[in-house]
Amino acid sequence: MATTTTLKAALGGSFLLESPRPEDVFTPAELTDDQRLIGQTAEEFVTKEVTPHIAELEEKKPGLMPQLLKKSGELGLLGGGVPEEYGGTGLDRISSTFLSEKISAYASFSVSLGAHSGIGTLPIVYFGTEDQKKKYLPKLATGEWLASYCLSEPQAGSDAQNSRTRAVLSPDGKNWVLNGQKMWITNGGFADVYIVFAKVDGEKFSCFIVERGFPGFTPGAEEKKMGLHGSSTAPIFFENCLVPKENLLHEIGRGHIVAFNILNVGRFSLGASCLGGAKEVLGSAARYARERTAFGHSIGQFGLIRAKLAEMAIRVYGLESVIYRSAGLMERAMQAGDSGGDQIKHTMKVLEEYAIESSIAKVYGSEVLSYVTDEAVQIYGGYGFHEDYPVARAYRDTRVDRIFEGTNEINRLLIIQMLMKRALGGTLPLLAAGAKLQEEILAGPSLEEASDGPWVEDERIVAGAKKAFLLAAGAAMQKYREKLADQQEIVGALADIVLEIFVMQSGLIRAQKVAASRGAAAAAGVSAAARALLHSGADEIEIAARAALAAAVEGDMLRTQLAVLRRFLKREPADIIALRRQVADAVQSADRYPF
Ligand SMILES: Cc1cc2nc3c(=O)[nH]c(=O)nc-3n(C[C@H](O)[C@H](O)[C@H](O)COP(=O)(O)OP(=O)(O)OC[C@H]3O[C@@H](n4cnc5c(N)ncnc54)[C@H](O)[C@@H]3O)c2cc1C
């Protein structure tokens, strides 16, 4: 089912340079009825079919998880990424994002579903031959067969291309013979189809479609994990495993293209799942705070508890704004493509275009969910530490979000690496913007034109944050040049600035859109959330930029640069406590995430 939007597609990473028009930024308020229906179906499925079985799933009742996945497939919840001609529902990017959010109340289920319908199925959608698509996709779209994605190995996680799994062609030329081991494979214990990466002749990193019944294929025992007890995570062993020659996926030596493009999708979907999880946990904490009494009051009346609920909602608001803005960008770019041409190639281009936004979604999503869950445990007090209460499980389950789909360290490095590649390749005019900023600095402070309006100060903060990035990145580039990648702490600080800018800007534009369409009073809650994000974001940026500058320049030059930084980030003081109280009121009157 395809739905349409009327967004303008900005270039990936261009949020650092441009001020998008509000109409070019998609927000959740613009979800269509069709899109909402897809989310509602997913949510109802989890509530009715999955939640009642959580205790059994956590105990790993044999066959239950695959049974539930297949049932969700019958409802069309597994085939969103598969085109209709191969039996899927061919969802647009916004619908599939909403589905990922709404399916996520129980992490073990959403991770299993994501491994199947995302990283397990999409390699065949994007890179399969016609015969491979016809053979596998109809069964994967309905859940008749379940899939998994086998990249990691005991000694090759972040460094995935350090794979020791080998593939050689059999003497009769009919089969690939695989030897080696994969590790940490989600759905590994029960999947039917495995997307496996191995090096042809020990050198050429390649990808294969492997079926459970192939000779020499053996799944290992379930891993004993800290969380996600309901999901299957197992090693897979290949001992002279015979894989038909035609099951090579894509080209020999091009496995990294499959692996990394698919991870871009996985990262973004993970961000959307974290959003769903964070809303669920926030709602549960808000209700608990209302019911629990201490010192003769509901704990929800205490300022320190209200501040927690507010800050949780503020960060969830930031994440939601980022996720739907990015989904809108991707969808618009998808629609801008020429369907008469190579649609799959176009999809790959779009995914690559927004790889920076996808890494931000993954890093920020997993960190917001970790923060929200940690604060929820605190609100539950001792009961939060007890397995009878759902936040204890959520706390354990979320820890891995910062580790898989590329650790948050690797994704932070990637954000800057991809930006620099775009800047040096001329796709993104960062260098020109940096040069222009230097001219502005040399010209000295100018008399700012007096402008007014309710958002002037907020927009000024975002504009100053962008200049702060150019200043810090420019100084770091000038000092370290092509060796900047070796300065990981500086790269990490720059990535944090980029991330904060995207969050601040997305939250602000969304609040402006709500105010424009529904009036300032109706937008009071989102405006308070957006402003809180702006001020905390500017604080974070100031710390990160100071660290990066101090590592790149010294002496008088450093003092001058820090003075310039202060000027860029100068802001009217905000009453953060009052902003949080406003958001807390909204959370408590909705008894859940309110926006
Ligand atoms: C529950 C679970 C499910 C999973 N599901 C799957 C799956 O379905 N399929 C699959 O293929 N894999 C899966 N994984 C594996 C996961 O993707 C890896 O664990 C992850 O990529 C990290 O690899 P690693 O564990 O080897 O850690 P390492 O790569 O050894 O990293 C250890 C630490 O070093 C840091 N580090 C590594 N390299 C650098 C660097 N260059 N610079 C700075 N810091 C660095 C990392 O950020 C991390 O903090 C799963 C893992 C878990 C726990």
Checklist entry - Would one find more than 12 heavy atoms of other residues, nucleotides or ligands at under 6.0 Å from atom CG of Leu37? => result yes

Checklist entry - Around Tyr383, counting heavy atoms of other residues, nucleotides and ligands shown, do more than 12 lie under 6.0 Å from its OH? => result no

Checklist entry - Could you give the distance from CG (Leu471) to CG (Leu562), rounded to the nearest 0.5 Å? => result 8.5 Å

Checklist entry - OG1 of Thr293 to CD of Gln301: how many Å apart, nearest 0.5 Å? => result 10.0 Å

Next on the checklist: Would Glu223 and Lys225 count as a salt bridge (Lys or Arg N to Asp or Glu O under 4.0 Å) here? Give the steps.
Outcome noted: CA-CA 6 Å; Glu223 303 292 356; Lys225 296 171 293 186; over 6 Å; no

Checklist entry - Has Asp33 got more than 12 heavy atoms of other residues, nucleotides or ligands less than 6.0 Å from its CG? => result no

Checklist entry - Hey, are the side chains of Leu470 and Leu430 touching, using non-hydrogen atoms and a 4.5 Å cut-off? => result yes

Next on the checklist: Using a 6.0 Å cut-off, check whether atom CD of Glu440 has over 12 heavy atoms from anything other than its own residue.
Outcome noted: yes

Checklist entry - What's the verdict on side-chain contact (heavy atoms from CB on, under 4.5 Å) for Asn187 and Tyr149, showing C-alpha distance, side-chain angles and the deciding distance? => result CA-CA 9 Å; Asn187 297 347; Tyr149 176 88; over 6 Å; no

Next on the checklist: Regarding Arg460 and Glu572, does a basic nitrogen lie under 4.0 Å from an acidic carboxylate oxygen?
Outcome noted: no

Item to check | Residue pair Val587 / Ala286: nearest heavy atoms and the distance that separates them | outcome: CG1-CB, 4.0 Å

Checklist entry - Looking only at heavy atoms, which two atoms of Ala552 and Tyr480 are closest? And how far apart? => result CA-CE1, 4.5 Å

Checklist entry - Leu228 and Val400: side-chain contact (heavy atoms from CB on, under 4.5 Å), yes or no, with the steps? => result CA-CA 9 Å; Leu228 291 184; Val400 76; 3.6 Å; yes

Item to check | Short side-chain to backbone donor-acceptor contact, Thr51 and Val46, under 3.5 Å | outcome: yes

Checklist entry - How far does CD of Glu59 sit from NE2 of His53, to the nearest 0.5 angstrom? => result 15.0 Å

Item to check | Matching residue for Leu309 among Leu282, Asp585, Val583, Val372 - test: side chain to side chain contact (heavy atoms under 4.5 Å, CB included) | outcome: Leu282

Checklist entry - Got Phe268 and Ile323 here, is their nearest side-chain heavy-atom distance under 4.5 Å? => result yes

Checklist entry - When you look at Ile360 and Phe15, which way does the side-chain contact (heavy atoms from CB on, under 4.5 Å) test go after all the steps? => result CA-CA 12 Å; Ile360 293 178; Phe15 61 88; 3.9 Å; yes

Checklist entry - Please, which pairs that meet side chain to side chain donor-acceptor pair (under 3.5 Å) have at least one residue in residues 275-286, sequence neighbours excluded? => result Glu101-Lys279, Lys279-Glu320, Ser284-Tyr380

Checklist entry - Above 12 or not: heavy atoms from other molecules or residues under 6.0 Å from CZ of Arg396? => result yes

Item to check | Spatial distance of atom CZ (Phe26) from atom CG (Leu329) [nearest 0.5 Å] | outcome: 11.0 Å

Checklist entry - Going through the distances and angles, do Glu44 and Thr47 end up as a side-chain hydrogen bond (donor to acceptor under 3.5 Å, both in side chains)? => result CA-CA 5 Å; Glu44 279 173 13; Thr47 309; over 6 Å; no

Checklist outcome for this item: Closest heavy-atom pair, Ile103 versus Ala42, reported as atoms and distance to 0.1 Å, is CD1-CB, 3.7 Å

Next on the checklist: Tell me which one of Arg36, Lys513, Arg325, Arg510 satisfies salt bridge (Lys or Arg N to Asp or Glu O under 4.0 Å) with Glu30.
Outcome noted: Lys513

Item to check | N-O pairing of Glu331 and Arg93 below 4.0 Å | outcome: no

Checklist outcome for this item: Closest heavy-atom pair, Ile501 versus Ala465, reported as atoms and distance to 0.1 Å, is CD1-O, 3.4 Å

Next on the checklist: Around atom OH of Tyr395, are there more than 12 heavy atoms from other residues, nucleotides or ligands closer than 6.0 Å?
Outcome noted: no

Item to check | Which atom of Ser108 lies closest to which atom of Gly230, heavy atoms considered | outcome: OG-N, 3.1 Å

Item to check | Which atom of Gly384 lies closest to which atom of Val391, heavy atoms considered | outcome: CA-CG2, 3.8 Å

Checklist entry - Which word best sums up how the rings of Phe45 and Phe109 line up, parallel for under 30°, tilted for 30 to 60°, or perpendicular for over 60°? => result tilted

Quick one: side chains of residues 405-413, donor-acceptor pairs under 3.5 Å with protein atoms, not counting sequence neighbours, listed by atom name and distance.
unit_1, atom_1, unit_2, atom_2, d
Thr407, OG1, Glu409, OE1, 3.4
Thr407, OG1, Ile410, N, 3.1
Asn408, OD1, Lys362, NZ, 2.7
Asn408, ND2, Ser366, OG, 2.9
Asn408, ND2, Glu367, OE2, 3.0
Asn411, OD1, Arg267, NE, 3.4
Asn411, OD1, Ser359, OG, 2.7
Asn411, ND2, Glu405, O, 3.4
Asn411, ND2, Gly406, O, 2.9
Asn411, ND2, Thr407, O, 3.3
Arg412, NE, Asp496, OD1, 2.8
Arg412, NH1, Glu367, OE2, 2.8
Arg412, NH2, Glu367, OE1, 3.0
Arg412, NH2, Glu367, OE2, 3.4
Arg412, NH2, Asp496, OD1, 3.1

Checklist entry - Out of Glu542, Glu459, Glu457, which one pairs with Arg571 under the salt bridge (Lys or Arg N to Asp or Glu O under 4.0 Å) rule? => result Glu542

Next on the checklist: side-chain hydrogen bond (donor to acceptor under 3.5 Å, both in side chains), that's the test. Do Gln35 and Thr32 meet it? Break it down for me.
Outcome noted: CA-CA 5 Å; Gln35 288 164 340; Thr32 63; 3.3 Å; yes

Next on the checklist: Can you confirm whether Arg306 is buried at CZ, in the sense that more than 12 heavy atoms of other residues, nucleotides or ligands lie under 6.0 Å from that atom?
Outcome noted: yes

